[in-house]
Number of protein chains: 2
Amino acid sequence: MKDLDIREKADLLRLLGHPTRLLILEELARGVKCVTDIRDLLDIPQPNVSQHLAVLRQARLVDFYEDGQLRCYYLLRPALVAALLEFLGGEYPVVKRDREDVRREGRLREQERGVAPACEA
Amino acid sequence: MKDLDIREKADLLRLLGHPTRLLILEELARGVKCVTDIRDLLDIPQPNVSQHLAVLRQARLVDFYEDGQLRCYYLLRPALVAALLEFLGGEYPVVKRDREDVRREGRLREQERGVAPACEA
DNA sequence: GGATCATATTCGAATATTTGCATACTACCC
DNA sequence: GGGTAGTATGCAAATATTCGAATATGATCC
């Protein structure tokens, strides 16, 4: 079961990992847009837009309602996209470590919680 | 410049979007591990582990120090992985909408900020 | 009916990714 | 030196993804 869960998460990340789809989601985060709007904003062929929207739809990230002959797309889970954009906008400092760092922390953890230090020969 | 930025973000998400790599990151979030540890935990061939670690290394997500003949891998940007796992663990409710919802919100926005409602014929 | 607009789908070619396998490398022990 | 443990790399096959082109659908207008 955990494996299935992991696969779902990986699938989500992989499908989010496409520049065009990210841009579409960013645009939809600004407001509802129809296919032609997106085509004009991103300047890519309409079938390509439809293809990416189909992927996002299958993943239940977007949906649409019809307004005349227009299909107005919107974020089906806006909080998900908001969290994604926040994640992508974050700053994540690099923390280099060596054997001594980990040994010290290992001792600390050991004292606190009785956990053995990792990766000892 | 913004396009480059988007491509980098997409690359990051795509490379995170692989079940094995996600599992490796989850394990490393629990503590430092060497290649053999990971091989045993995930039960996959060692060259495969090394390949995924190489991908994660190139993305500057992990690094290692040497301890004798072991290479002890750790998260190079632990806050990034923590944010990722939090994002993946979140609950994101579905919000269905129709033309009337958006029309109402459009009017609200229009009054507040003078913005025209989206997706009108 | 024919033309046009908005959108979706299908298909094929190009490309990228993933994996398994074989092998190479290095450090250590005897 | 030879053997072994830990790790990395190169390569080929299988698989998946992406894009463009062509085509299809359905609504609207003349």
Side-chain angles (χ1 to χ4, degrees), chain A residues 3 6-25 27-28 32-59 61-74 99 118-121, chain B residues 3 6-25 27-28 32-59 61-74 99 118-121:
Chain A
D3 265 357
I6 276 283
R7 181 156 306 188
E8 281 168 23
K9 290 173 179 175
D11 286 345
L12 174 63
L13 289 172
R14 187 160 33 75
L15 116 216
L16 290 171
H18 189 289
T20 301
R21 288 197 283 266
L22 271 186
L23 287 170
I24 288 175
L25 291 176
E27 286 302 335
L28 292 184
V32 177
K33 306 237 173 1
C34 65
V35 179
T36 314
D37 291 338
I38 299 172
R39 179 202 56 182
D40 293 342
L41 282 164
L42 305 190
D43 195 31
I44 55 182
Q46 171 269 318
N48 202 347
V49 176
S50 277
Q51 286 169 336
H52 286 301
L53 284 173
V55 172
L56 295 173
R57 227 167 33 207
Q58 286 178 338
L61 286 169
V62 306
D63 201 355
F64 61 87
Y65 59 83
E66 313 211 340
D67 185 3
Q69 48 183 341
L70 301 180
R71 291 194 166 188
C72 299
Y73 277 85
Y74 62 88
R99 198 154 45 98
C119 206
E120 295 290 356
Chain B
D3 266 356
I6 276 284
R7 180 155 306 187
E8 282 168 22
K9 290 173 178 176
D11 287 344
L12 174 63
L13 290 173
R14 187 159 35 76
L15 112 218
L16 291 171
H18 188 290
T20 301
R21 289 197 282 265
L22 271 186
L23 287 170
I24 289 175
L25 292 176
E27 287 302 335
L28 292 184
V32 176
K33 306 239 173 357
C34 65
V35 179
T36 314
D37 291 338
I38 299 171
R39 177 202 58 183
D40 294 342
L41 283 164
L42 305 189
D43 194 32
I44 54 181
Q46 171 269 317
N48 201 346
V49 175
S50 277
Q51 284 167 335
H52 285 301
L53 284 173
V55 172
L56 295 173
R57 227 168 28 207
Q58 285 178 337
L61 287 170
V62 306
D63 202 355
F64 63 86
Y65 59 83
E66 313 212 341
D67 184 2
Q69 48 184 340
L70 301 180
R71 290 195 169 188
C72 299
Y73 277 85
Y74 62 89
R99 197 154 45 99
C119 207
E120 295 289 354

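Because the structure is predicted, anything quoted here is derived from the model rather than measured.
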Worksheet entry | Sequence neighbours excluded - ring pair (Phe, Tyr, Trp, His ring centres under 6.0 Å) pairs with any residue from residues 36-58 of chain A | A:His18-A:His52
Discussion item. Under 4.0 Å from OP1 or OP2 of C:dT19: is there any side-chain N or O of B:His52 that close?
Written reply: yes
Worksheet item: Is the backbone N or O of B:Leu15 less than 3.5 Å from a side-chain atom of B:Arg21, with the two atoms forming a donor-acceptor pair by type?
Response: yes
Discussion item. So, does B:Asn48 get its side chain near the phosphate of C:dT18, meaning an N or O under 4.0 Å from OP1 or OP2?
Written reply: no
Worksheet item: Is the shortest side-chain N/O distance from A:Arg21 to OP1 or OP2 of D:dT18 below 4.0 Å?
Response: yes
Discussion item. Determine whether a donor-acceptor pair (one donor, one acceptor, N or O, separation below 3.5 Å) exists between the side chain of A:Gln51 and the base of D:dG20.
Written reply: yes
Fill in: d(CZ, B:Phe64; P, D:dT7) in whole Å
10 Å
Discussion item. Nearest to the side chain of B:Ser50, heavy atoms from C-beta on, is which of D:dA5, D:dA8, D:dT18?
Written reply: D:dA8
Practice prompt. Determine: side-chain N/O of B:Tyr73 to OP1/OP2 of D:dG6, distance under 4.0 Å, yes or no.
Written response: no
Worksheet item: Quick one: B:Asp67 CG to C:dC28 P, roughly how many Å, whole number?
Response: 11 Å
Response to the item:
Testing C:dA8, C:dA22, C:dA6 for proximity to the side chain of A:Thr36, the answer is C:dA6
Worksheet entry | Phosphate contact (C:dC25 OP1 or OP2) by B:Arg71 side-chain N/O below 4.0 Å | no
Practice prompt. Please evaluate the base of D:dG20 for a donor-acceptor partner in the side chain of A:Gln46 within a cut-off of under 3.5 Å?
Written response: no
Discussion item. Test side-chain contact (heavy atoms from CB on, under 4.5 Å) on A:Leu12 and A:Leu61; report intermediate values, then the result.
Written reply: CA-CA 10 Å; A:Leu12 174 63; A:Leu61 286 169; 4.1 Å; yes
Discussion item. Closest approach to the side chain of A:Cys34, judged atom by atom: which nucleotide of C:dT7, D:dA8, D:dC19 is it?
Written reply: C:dT7
Item to complete: Using a cut-off of strictly less than 4.0 Å, decide whether B:Arg57 has a side-chain nitrogen or oxygen near OP1 or OP2 of D:dA8.
Response: yes
Item to complete: Could you tell me the separation between the CD1 atom of A:Ile24 and the C1' atom of C:dT7, rounded to a whole number of Å?
Response: 14 Å
Fill in: Value in whole Å for how far the C1' atom of D:dT7 lies from CD1 of B:Ile38
12 Å
Fill in: Check: A:Val35 main-chain N/O paired with A:Arg71 side-chain donor or acceptor under 3.5 Å
no
Worksheet entry | C:dA16 OP1/OP2 closer than 4.0 Å to side-chain N/O of A:His18 | no
Worksheet entry | Candidate nucleotides C:dA22, C:dG20, D:dT7, ranked by approach to the side chain of B:Val35 - the nearest | D:dT7
Practice prompt. Measure the distance from CG on B:Asp37 to P on D:dA5 and round it to the nearest whole Å.
Written response: 16 Å
Discussion item. What is the separation between atom CG on A:Leu16 and atom P on D:dT18, rounded to the nearest whole Å?
Written reply: 12 Å
Worksheet item: Side chains of A:Leu42 and A:Asn48: closer than 4.5 Å at any heavy-atom pair?
Response: no
Item to complete: Nearest whole angstrom, please: distance from the P of C:dG20 to the CG of B:Asp43.
Response: 11 Å
Practice prompt. Can you pull out how bent the helix from C:dG1-D:dC30 to C:dC30-D:dG1 is, comparing the axes over its first five and last five pairs, to 10°?
Written response: 0°
Practice prompt. Report yes if a side-chain nitrogen or oxygen of B:Arg14 is closer than 4.0 Å to either non-bridging phosphate oxygen (OP1 or OP2) of C:dT17; otherwise report no.
Written response: yes
Practice prompt. In sequence, state the C-alpha distance, the side-chain angles, and the governing distance for B:Val49 and B:Thr36, and then conclude on side-chain contact (heavy atoms from CB on, under 4.5 Å).
Written response: CA-CA 9 Å; B:Val49 175; B:Thr36 314; over 6 Å; no
Worksheet item: What's the CD-C1' distance between A:Gln69 and C:dA6, to the nearest Å?
Response: 6 Å
Discussion item. Both A:Gly68 and A:Pro47 contact DNA chain D. Taking the nearest nucleotide for each, which residue is further toward the 5' end?
Written reply: A:Pro47
